Every structure is written in C-alpha cells, then in structure tokens.
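Below: the structure, in structure tokens.
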Protein chains: 2
Amino acid sequence: MTERTPSEASRDIPEATVARLPVYLRALTALSEAGTATCSSEHLATAAGVNSAMLRKDLSHLGSYGTRGVGYDVEYLRYQIAREIGVTQDWPVVIVGIGNLGHALANFSGFRSRGFRVVALLDADPRRHQEVVAGVDVRPFSDLEAIVHEHGVAIGVISTPAPAAQDVADHMVAAGIRSILNFAPTVLAVPPGVDVRKVDLSIELQILAYHEQRKALGAAAVERPVDGALEGRPA
Amino acid sequence: MTERTPSEASRDIPEATVARLPVYLRALTALSEAGTATCSSEHLATAAGVNSAMLRKDLSHLGSYGTRGVGYDVEYLRYQIAREIGVTQDWPVVIVGIGNLGHALANFSGFRSRGFRVVALLDADPRRHQEVVAGVDVRPFSDLEAIVHEHGVAIGVISTPAPAAQDVADHMVAAGIRSILNFAPTVLAVPPGVDVRKVDLSIELQILAYHEQRKALGAAAVERPVDGALEGRPA
DNA sequence: TAGATTGTTAATCGATTAACAATC
DNA sequence: TAGATTGTTAATCGATTAACAATC
C-alpha cells in the first residue's frame with residue numbers, strides 16, 4: 001500500500017522546497033517567454049531571488065534534470081516542476097464570501113493561467129445572488145455540497161468575514177474538500193488530513209511593523225522608554 | 001550606539017516567533033473581549049493553534065510575563081506583545097495600485113483597528129483619479145514622494161499588476177520607504193535594509209495543489225504514469 | 001583535453017518539542 | 001503544604017549554505 005518504486009526517487013519533498021517550486025516555475029515561464037532555451041542554476045536562482053546552492057538542493061529532490069557543465073533545459077525543467085506541483089492538471093476551485101476581497105479573487109487572472117478554474121462563487125447574503133462576477137454568478141452558500149460533488153472541487157477559498165469562517169470550513173470539510181485557502185483573520189480548526197493555508201494581511205503588516213520599529217530604534221536608540229518604567233505588573 | 005541595557009532582555013527575537021506574535025495578540029484580544037482575565041499557556045496555545053511548549057518558548061523571548069502556577073494576565077500580556085510588535089503606535093501606510101485588490105485592501109477594516117492608517121491611495125491611471133475609495137481619494141503615483149514625506153510613511157503596499165511592481169518598489173525605496181508588502185506576483189529586487197514581504201495567491205494555491213495531488217495518489221496509487229514514461233529528455 | 005556547472009556531502013544554523021526544575 | 005503552571009534546558013528535527021567530486 002505505501003510501497004514505492006525506487007525509481008521514483010522524488011517523493012517526500014521538504015515543505016520549504018515545495019513552497020519555492022512555484023517561484024521557480026514562474027521564473028522558468030518568464031525565461032521561456034523570453035525565448036531562453038537553457039539556463040544555469042546561478043541564472044535561475046537570481047531570477048527566483050534565492051541562492052544557487054539552495055536552488056540545486058531543491059531541484060535535487062525532484063530528480064536529476066540538469067546537465068553538468070551546461071545547465072537546465074528551460075522547457076523541460078518547467079514541465080517537470082509543473083508536473084511535480086500538479087499544475088499540469090485542472091483544479092476546480094470554489095470561492096465562498098464575495099465581498100471586496102472575493103471580487104478581487106474571482107477576477108484574479110493568475111488563477112486561470114495556472115490551472116485553477118473558479119467553478120462557483122458562493123455567498124450567504126441573498127442580496128448578492130443577483131450578481132455575476134467575472135462571468136460566474138453568485139449562488140447561495142447552501143449549494144456548496146452539490147457544487148463540490150458536481151465539479152469534483154478539491155480546493156476551497158474562504159474570503160468571508162472572520163466570524164463566518166469556521167462554519168464555512170466545517171461545511172467545506174463535510175462536502176469533501178481537503179484543501180482550504182483561508183483569507184479570514186481567524187484560526188480554523190479542521191480534522192487531520194485537511195490542509196489549511198492562511199493569508200493574513202494584518203499579520204503581514206504587523207511583521208513589517210516589528211522590523212520597522214527596530215530599524216527606527218537603531219537610528220535613535222534613546223526614544224524608547226526604559227524597561228517597565230511606564231507599565232507596572234498587575235497585582 | 002549599538003549598546004544595550006542588559007535588563008532589556010528581549011532583543012533579537014527569532015523570525016519564526018515574530019511571525020506568531022500577531023496570532024497570539026489576536027487570540028488575547030478575543031479573550032479580553034470575552035471578559036477572560038487570566039489564561040494558561042495551554043489555553044492560549046489552543047486558541048492560537050500552536051502547542052503550549054512553543055507558545056511558552058516564544059513568550060520567553062519577550063520576557064517573563066506569566067505567573068507560575070497561575071498563568072498569564074490577559075490584558076498585561078496583550079499590551080506587552082502589542083508593544084513588542086509596535087502596534088501600540090500608529091503606522092501610516094500608502095497603497096499603490098487601486099484595482100480590484102487595491103479596493104479590497106483599502107476597505108479592509110483589520111488595518112485600521114491594528115494601528116495601520118491608510119493615508120493615501122495611488123494609481124498611475126488618470127481615470128482612477130476621480131475615485132474615492134473608503135473615504136480616501138485616489139491620487140497620481142507621482143505624488144508618492146510628497147505623501148511619504150508629509151505623513152512619515154514607513155510602510156508601502158503594492159497591489160499593481162506584476163509588470164509595474166518593480167518600478168513602484170524603486171520609487172518607494174527612493175522616497176524613503178523601507179518596508180514593503182507586495183501582492184504583485186513578481187520577485188522584487190531591493191537594496192539591503194529594505195524588508196519585503198510577499199503575499200502570492202497563486203503560489204498558495206499551488207502549494208495546496210501539490211499536497212492535494214499527493215493525497216489523491218495515496219487513494220489511487222495506480223493512475224500516475226510510471227517515471228519518465230511520457231516525456232523523454234531533450235537532446 | 002580544459003572549462004563549466006551540476007548533484008551531493010557535510011557543516012552550520014535555526015526552529016520545534018518534550019521534559020522538568022523553579023516557584024507561585 | 002499540595003497542586004498547578006511557568007520558564008528553561010537539552011534533544012531532536014529540518015533548512016540553509018559552502019565546498020567539491022562527478023561529469024558533461
């Protein structure tokens with residue numbers, strides 16, 4: 001059951017590598033469109049914003065797709081990475097929560113071009129059910145299960161307000177979805193076997209703020225109040 | 001200049017910890033709003049979706065803000081984390097690129113409530129300069145430098161199409177911005193000392209697709225073509 | 001053959017986790 | 001005092017980087 005052909009050496013790719021493969025894929029697509037036939041690890045690494053040792057290490061998890069002394073065939077490597085990620089196939093996606101962000105996501109061209117097809121837009125608010133966004137009409141949230149089964153949806157996107165997100169996730173899981181991209185600023189609880197990735201705008205800004213604050217401190221090391229001077233411990 | 005008071009033990013917090021502090025902050029805010037005065041590391045960790053050992057380790061980098069045998073004072077810990085991140089102060093932010101995503105960002109309430117204030121919306125397209133979005137009017141991109149200086153903007157958000165992003169980043173850096181949140185699907189080159197965080201929707205979906213594909217393989221291990229059977233190496 | 005560049009090894013670094021002594 | 005829970009230590013795990021032998 002879990003046995004594996006030894007020839008298929010490429011299983012169990014580290015998570016950090018998986019997260020970079022789409023970046024390499026994009027860089028290779030750009031090189032391909034620019035008419036470049038071959039590239040070195042150095043060249044590709046620069047385009048992807050990583051160092052070449054890391055790139056080669058990452059690619060070594062997939063297999064041996066380069067040629068020593070020469071480099072990588074752009075088209076060939078691009079296909080191999082696309083296949084490894086799974087974007088050579090079509091992925092039906094459903095988006096739940098068609099507010100400002102949901103509109104932006106539905107209209108985002110980068111999905112379609114990478115094998116993701118938005119098959120349905122759902123919203124709990126009946127006033128939105130008149131709307132057509134990006135050529136797809138907005139349907140009631142209660143249609144979720146039917147749509148998931150009809151289109152074989154494996155990936156769900158949540159762009160509702162935070163209070164609704166857990167309920168949406170529960171229904172997605174119940175309908176058979178096992179991969180969720182969550183834009184709502186809340187921690188989702190899901191059963192084992194379900195993957196959740198979160199995109200959290202205000203967390204990203206807070207991380208930047210932390211570093212920005214430290215930069216400012218370096219510049220004027222005085223302004224910060226001395227440890228504990230302002231706020232006492234509670235009793 | 002770089003000397004440091006030994007009492008301020010909390011410098012040099014690991015990057016992984018910094019990325020989780022905003023999650024703890026959000027959980028503490030929820031606890032606070034629910035009227036909870038005290039919580040254990042176990043309780044807070046569950047709310048934040050991490051394990052309690054990691055939470056305590058993370059908090060230990062900030063200082064010793066708990067009470068053995070008792071737990072943490074919710075309000076006190078919340079303030080300490082907020083101060084550490086820097087969200088007790090106000091951060092003026094500028095957003096460049098007011099398409100669908102820019103609209104969604106400008107309207108996002110989570111910014112304002114966490115100390116981020118959108119002081120300007122900029123777009124290169126003159127047709128957008130009539131618009132008022134979320135109470136702020138859209139101004140020409142060429143106003144960037146003046147606005148940055150006027151408001152002391154330290155954080156810039158890029159929500160333009162990919163081809164425009166590098167040029168926007170260059171202008172931001174030239175204007176003095178040293179923290180950038182990039183939503184454009186492209187790798188930005190910036191000088192040392194400038195922080196860039198990227199949010200890339202299609203990369204997130206591709207990471208989910210990779211894992212989804214592997215789940216499907218586990219279920220039906222046969223369907224995948226045998227290694228190299230379909231595609232030959234290029235000459 | 002000589003030069004170039006991959007794929008891999010080994011060293012280093014950082015992050016996570018479990019366990020427990022300190023202490024409220 | 002006894003029970004609870006923190007803060008820290010040490011072990012483990014995973015990711016990054018440099019260096020170089022393999023080889024085109």
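Remember, predicted model here, so these are calculated numbers, not experimental data. So that the names make sense, note that chain A is the first sequence line, chain B the second, and so on, each numbered from 1.
- Partners of H171(B) by ring pair (Phe, Tyr, Trp, His ring centres under 6.0 Å), not counting sequence neighbours, listed by chain and number: F141(B).
- Among dA15(C), dA15(D), dA18(D), the nucleotide with an atom closest to any side-chain atom of E15(B) is dA15(C).
- Across all non-hydrogen atoms, the minimal contact from C39(A) to L31(A) is SG-CD1, 3.9 Å.
- Remark: the Q166(B) side chain and the T186(B) side chain contain no N/O donor-acceptor pair separated by less than 3.5 Å.
- Taking atom CG of D58(B) as the reference point, atom C1' of dT6(D) lies 14 Å away to the nearest angstrom.
- Side chains of Q80(A) and D73(A) form no contact here, defined as non-hydrogen atoms less than 4.5 Å apart.
- The side chain of R20(B) lies closest to dT16(C), out of dT16(C), dT17(D), dT6(D).
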Would you list the protein and nucleotides 7-13 of chain D atom pairs, both N or O, that sit under 3.5 Å from each other?
| from | atom 1 | to | atom 2 | distance (Å) |
| --- | --- | --- | --- | --- |
| dG7(D) | OP1 | S64(B) | OG | 3.2 |
| dG7(D) | OP1 | Y65(B) | N | 3.3 |
| dG7(D) | OP1 | G66(B) | N | 2.8 |
| dG7(D) | OP1 | G66(B) | O | 3.4 |
| dG7(D) | OP2 | Y72(B) | OH | 2.8 |
| dG7(D) | N7 | R56(B) | NE | 3.0 |
| dG7(D) | O6 | R56(B) | NE | 3.2 |
| dG7(D) | O6 | R56(B) | NH2 | 3.0 |

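- Side chains of E15(A) and H211(B): a donor-acceptor N/O pair is present below 3.5 angstrom, by distance only.
- Defined by atom type and a distance below 3.5 Å, a donor-acceptor pair is present between the side-chain atoms of D58(B) and T17(B).
- Distances from the side chain of S40(A) to the nucleotides dT16(C), dA18(D), dT6(C) place dT6(C) closest.
- Atom CG of L55(A) is separated from atom P of dT17(D) by 13 Å (rounded to the nearest Å).
- Distance CG (L44(A)) to P (dT5(C)): 14 Å, rounded to an integer number of Å.
- Donor-acceptor pairing under 3.5 Å is lacking for the side chains of T88(A) and R83(A).
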### Summary
Taking Watson-Crick and G-U wobble contacts under 3.5 angstrom, with | marking pairs to another strand and [ ] crossing pairs, the secondary structure of DNA chain D is written ..||||||||||||||||||||||
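- A 4.5 Å side-chain heavy-atom check between V50(B) and Y24(B) finds at least one atom pair inside the cut-off.
- In this structure, NE2 of H61(A) is placed 11 Å from C1' of dT16(D), rounded to the nearest angstrom.
- Rounded to an integer number of Å, the gap from CG of D73(B) to P of dT6(D) is 13 Å.
- When the nucleotides dT6(C), dA15(C), dT17(C) are ranked by their closest atom to the side chain of M54(B), dT17(C) comes out on top.
- Looking at S202(B), its side chain never comes within 3.5 Å of a backbone N or O of G110(A) through a donor-acceptor pair.
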